[in-house]
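A short worksheet on the structure shown next.
Chain naming here is simple, since letters A, B, ... match the order of the sequence lines and numbering starts at 1 in each.
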Protein chains: 2
Amino acid sequence: MNTETNLEHELDAAANWCLQRGEKLTDLRREVLSLLLAHDGSIKAYELLAELQKRKPTAAPPTVYRALDFLLNVGLAHKLGSLNAFVACRELDHTHHHGLMLICDRCRGVHELSDESWAERLAEDAARLGFRLSQQDIEIKGICANCQQVEQAGEA
Amino acid sequence: MNTETNLEHELDAAANWCLQRGEKLTDLRREVLSLLLAHDGSIKAYELLAELQKRKPTAAPPTVYRALDFLLNVGLAHKLGSLNAFVACRELDHTHHHGLMLICDRCRGVHELSDESWAERLAEDAARLGFRLSQQDIEIKGICANCQQVEQAGEA
DNA sequence: TTTCTATTGTTATATTATAACAAAACATTT
DNA sequence: AAATGTTTTGTTATAATATAACAATAGAAA
């Protein structure tokens with residue numbers, strides 16, 4: 001199975017995901033999601049716009065922001081507030097509460113953690129203050145494994 | 001002890017904090033920190049600028065952003081990436097690794113958690129992926145106790 | 001078809017943040 | 001004090017991020 005069919009597969013799954021929620025993954029939204037998925041790490045809205053314009057010269061900022069808003073709302077993408085960047089959600093299947101996004105300071109890559117036992121503890125601590133957590137992603141910064149290796153190689 | 005002397009007390013402590021790090025809390029920085037401290041919740045850069053201009057009409061965006069950068073670097077303030085807003089750090093004394101910021105979706109208020117036992121667990125999970133956490137704040141969204149009460153009152 | 005709603009197009013503008021260079025303040029050495 | 005270097009602040013311009021507002025189009029429902 002090559003990359004292209006893999007991508008189409010993911011997009012079809014996303015379309016289904018939308019239908020189950022009474023929403024539609026239109027051509028435009030599908031294209032934006034496709035661009036998001038094609039990026040390993042996160043991507044910025046105006047980078048996405050530039051990509052989109054290659055195939056759709058008419059695209060303007062609202063074009064991309066509206067598609068992103070849709071994808072965020074339906075859970076197909078995440079916004080990384082600390083970077084003002086966006087990333088496709090790769091973990092559609094599990095019922096996730098707080099997506100934990102490990103963001104690499106170096107390469108802007110993102111790894112989404114699905115283990116959530118730590119989250120319970122967190123929610124307890126917050127509850128002790130009367131704080132009720134909303135279901136949003138939590139962003140953690142650091143250096144990914146790959147960039148740590150590059151770092152060491154540079155020091156050698 | 002009234003509010004004013006309390007504020008001056010905090011500002012003096014902040015000045016000391018800077019000196020210990022070989023940095024200086026200049027008048028300008030002190031004024032910006034003062035405005036940050038005067039706000040319960042978080043405040044946006046341009047709101048801060050407007051406040052600053054009341055006493056210092058010459059102030060421009062770089063004025064406030066430079067002061068904020070300084071305060072962030074020396075640890076006297078936090079940036080909330082998800083809101084593009086800023087907040088004074090109220091927990092100077094303890095050696096904190098990852099400040100946990102509970103941000104209210106409603107009132108933009110922030111509560112800084114100092115208990116960090118959950119952070120160890122988090123670091124372990126991340127380490128399993130080879131991810132090394134950097135010492136940065138972690139932002140958690142939700143509804144604060146106060147806003148929950150207001151919410152209920154509205155429903156009654 | 002007609003009507004209603006959702007989506008997309010388009011233009012303009014708001015909001016957030018930084019670059020670049022000049023001036024002033026401050027510290028250090030002579 | 002004068003000369004020098006460094007840090008901080010002033011100032012203008014502009015970059016980067018995001019949304020408002022309204023027109024046009026497409027799709028669904030009556």
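Regarding L49(A), its CG atom lies at a distance of 13 Å from the C1' atom of dG9(C), rounded to whole Å. Regarding L48(B), its CG atom lies at a distance of 13 Å from the C1' atom of dT16(C), rounded to whole Å. Rounded to a whole Å, the CZ atom of F70(A) is 7 Å from the P atom of dT7(C). The separation between L25(A) atom CG and dA6(C) atom P is 18 Å, rounded to whole Å. Put simply, CG on N84(B) is 9 Å from C1' on dT15(C), counting in whole angstrom units. Atom pair L72(B):CG and dA17(C):C1' shows a separation of 13 Å (rounding to whole Å applied). In this structure, the CZ atom of F86(B) is 13 Å from the C1' atom of dT15(C), given to the nearest Å. L28(B) places its CG atom 17 Å from the P atom of dA24(C), with the value rounded to the nearest Å.
Here T63(B) contributes atom OG1 and K56(B) contributes atom NZ; the two are 7.0 Å apart, rounded to the nearest 0.5 Å.
Counting any heavy atom pair closer than 4.0 Å across all strands shown, R29(A) reaches sugar-phosphate atoms only and no base atom.
In terms of phosphate contacts, Y65(B) brings a side-chain nitrogen or oxygen within less than 4.0 Å of OP1 or OP2 of dA17(C).
With DNA chain D read from its 5' end, the first of the two nearest nucleotides for A59(B) and A85(A) is the one closest to A59(B).
In the model, E112(B) has a side-chain atom that pairs as donor or acceptor with a side-chain atom of H78(B) under 3.5 Å.
Pairs of residues two or more places apart, or lying in two chains, that qualify as side chain to side chain donor-acceptor pair (under 3.5 Å) and include a residue from residues 35-50 of chain B are E47(B)-R108(B).
Between L37(A) and L33(A) the shortest side-chain heavy-atom distance falls below 4.5 Å.
Running 5' to 3' along DNA chain D, contacts with non-hydrogen atoms of chain B at under 4.0 Å begin and end at dT8(D) to dT12(D).
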